[in-house]
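A short worksheet on the structure shown next.
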Amino acid sequence: MHVAAGALVDRAGRVLIAQRPARAHQGGLWEFPGGKLEAGESVQAALARELHEELGIVVRRARPLIAVEHAYADKAVRLDVWRIEDWSGVPHGREGQPLAWCDPQALDPAAFPAADVPVLAALRLPPMYLVTGEPAQEPEVFLARLDAALARGVRLVQLRAKTLPAGALAPLCVAALQRCRAAGARLLLNGAPALAMQLGADGVHLDARALAACRERPLPAGRLLAASCHDAHELAQARRIGCDFAVLGPLAATATHPEAEPLGWARFAALVRTAGLPVYALGGLGPADLDAAWAAGAQGVAAIRALWQP
């Protein structure tokens, strides 16, 4: 069953959810408004029709958010979910369905059908994911660059310090966490989950080797878990162990990994369509590539050079 759904987001950042009728499949749970595509109908056309029929609104501006494929015991569903940021009319339950405006961070995944859980993750994540440069210089220089990135609006940061001595990593992470918290940003440590938990990081980013070694999710719920992926096998592993999102690349050729074959947008889009979790595009990209990334099904863009500037 192919479904088009809309995540309406208001100016306060709240998202609109609707409660499914008790008699329906997954009845009583909450969902994002939308419905099945009719024969020959595009996702955009179905979305516009369903939101007008269910909520009485006309969509003005929307973009792809995430596509999810999920198999229940009695049916399989494909969700094409779009983020709706501008519409005309006042949303109301034209079919008598209860509605609620909620902070995405406060929504309980248990109150939604399983296919909607990755949608919640996507709504909680920003469009840009900063991967820090290696802190080879003095910590003050590193932290000044972090401050600059946060001032430019970065709200999700991966602290990547593969060349830093172990004794210097902890104090740098603590200092970076203080700055991220003050800016309302979250920081993930590219390193051991135990160390990230000890330091109070918001989560962990697994490199490809650490991802392959995992047999289960190494963090409790409430902490973000991300992974670096390069192909369908690694994306499937990230989903299997319960990653909240993944980074997929390289999209284009990069100076840091010149030997890696670029995916290109077409291959990237094909991999993301079956990933089942939010995926950032990585590799020679920056904020100017967000529209292309969204069109390919990405959560947004992950970057080092384009976001890690003086």
Side-chain angles (χ1 to χ4, degrees), residues 65-70 109 117-134 154-162 169 173 180 185-197 199 201-251 254 256-257 260-263 267-285 293 296-304 307-308:
L65 178 65
I66 190 172
V68 180
E69 295 180 355
H70 186 83
V117 174
V119 184
L120 298 179
L123 286 167
R124 292 168 176 167
L125 294 169
M128 294 186 297
Y129 182 31
L130 165 64
V131 183
T132 68
E134 285 288 336
V154 168
R155 292 297 176 264
L156 188 63
V157 178
Q158 177 195 149
L159 174 54
R160 188 178 186 278
K162 297 291 188 178
L169 177 59
C173 183
C180 287
R186 288 173 287 179
L187 184 140
L188 281 67
L189 178 64
N190 188 320
L195 178 61
M197 293 286 290
L199 298 177
D202 297 297
V204 168
H205 187 103
L206 303 172
D207 61 22
R209 180 178 297 180
L211 172 65
C214 280
R215 296 295 173 262
E216 59 185 12
R217 182 181 169 93
L219 291 177
R223 302 289 182 103
L224 289 172
L225 181 64
S228 292
C229 299
H230 307 87
D231 53 33
H233 175 76
E234 290 176 347
L235 285 170
Q237 169 69 351
R239 185 177 186 180
R240 189 187 70 77
I241 67 168
C243 284
D244 297 291
F245 68 93
V247 169
L248 178 64
L251 194 287
T254 66
T256 53
H257 295 87
E261 181 181 355
L263 291 172
R267 177 62 176 154
F268 177 91
L271 290 169
V272 168
R273 284 190 72 80
T274 58
L277 74 170
V279 180
Y280 288 90
L282 173 71
L285 305 175
Q299 174 70 26
V301 167
I304 302 175
L307 298 177
W308 190 244

Quiz item: Counting N and O atoms only, with roles assigned by atom type, does the side chain of T132 sit under 3.5 Å from a partner on the main chain of R160, one being a donor and the other an acceptor?
Solution: yes

Practice problem: Using atom types as modelled and distance alone, determine if a side-chain donor or acceptor of Q237 lies under 3.5 Å from a backbone N or O of C229. | Solution: no

Practice problem: Can you see which heavy atom on P118 is nearest to which on P278, and at what distance? | Solution: O-CG, 3.9 Å

Quiz item: Within a radius of less than 6.0 Å around CZ of R223, do more than 12 heavy atoms belonging to other residues, nucleotides or ligands occur?
Solution: yes

Quiz prompt | Nearest heavy atoms of C214 and R240, plus distance in Å | solution = O-NH2, 3.4 Å

Quiz prompt | G300 versus A293, closest heavy-atom pair with distance | solution = O-CB, 3.9 Å

Quiz item: Does Q299 reach the main-chain N or O of A122 with its side chain, forming a donor-acceptor pair under 3.5 Å?
Solution: yes

Exercise. May I ask you to test the V131-V247 pair for a side-chain heavy-atom distance under 4.5 Å?
Key: no

Quiz item: Does any non-hydrogen side-chain atom of P193 lie less than 4.5 Å from one of L225?
Solution: no

Quiz item: What is the distance from atom CD of E134 to atom CD1 of I304, rounded to the nearest 0.5 Å?
Solution: 8.5 Å

Practice problem: Output yes when a side-chain donor or acceptor of R186 lies under 3.5 Å from a complementary backbone atom of D202, and no otherwise. | Solution: no

Self-check item: Gap separating the CG atom of L206 from the CZ atom of R217, nearest 0.5 angstrom
Solution: 9.5 Å

Quiz item: Are any of the side-chain heavy atoms of L219 and L224 separated by less than 4.5 Å?
Solution: no

Exercise. Evaluate side-chain contact (heavy atoms from CB on, under 4.5 Å) for L211 paired with I241, printing each intermediate quantity in order.
Key: CA-CA 9 Å; L211 172 65; I241 67 168; 3.7 Å; yes

Quiz prompt | Test item: L130 and W308 side chains (from C-beta on) under 4.5 Å apart, heavy atoms | solution = yes

Quiz item: Nearest heavy-atom pair of L188 and V204: which atoms, and what distance?
Solution: CD2-O, 3.6 Å

Quiz item: When the ring planes of F245 and Y280 are compared, do they come out parallel, tilted or perpendicular, using 30° and 60° as the limits?
Solution: perpendicular

Quiz prompt | Backbone N/O of A208 and side chain of E234: donor-acceptor pair under 3.5 Å | solution = no

Quiz item: So, are R267 and D231 salt-bridged, with charged N and O less than 4.0 Å apart?
Solution: no

Quiz item: Do the charged groups of K162 and D207 touch, with an N to O distance under 4.0 Å?
Solution: yes

Quiz item: Of the non-hydrogen atoms in L187 and C180, which two are nearest, and what is the gap between them?
Solution: CD1-SG, 3.8 Å

Quiz item: Can you name the nearest heavy-atom pair linking L282 to A302, along with the distance?
Solution: CD1-O, 3.3 Å

Practice problem: Take L123 and I66 through the side-chain contact (heavy atoms from CB on, under 4.5 Å) test and state the conclusion after the steps. | Solution: CA-CA 9 Å; L123 286 167; I66 190 172; over 6 Å; no

Quiz item: Can R273 and V279 be said to form a side-chain contact (heavy atoms from CB on, under 4.5 Å), step by step?
Solution: CA-CA 10 Å; R273 284 190 72 80; V279 180; over 6 Å; no

Quiz item: Hey, what do you get for SG (C243) to CG (L277), rounding to the nearest 0.5 Å?
Solution: 7.0 Å

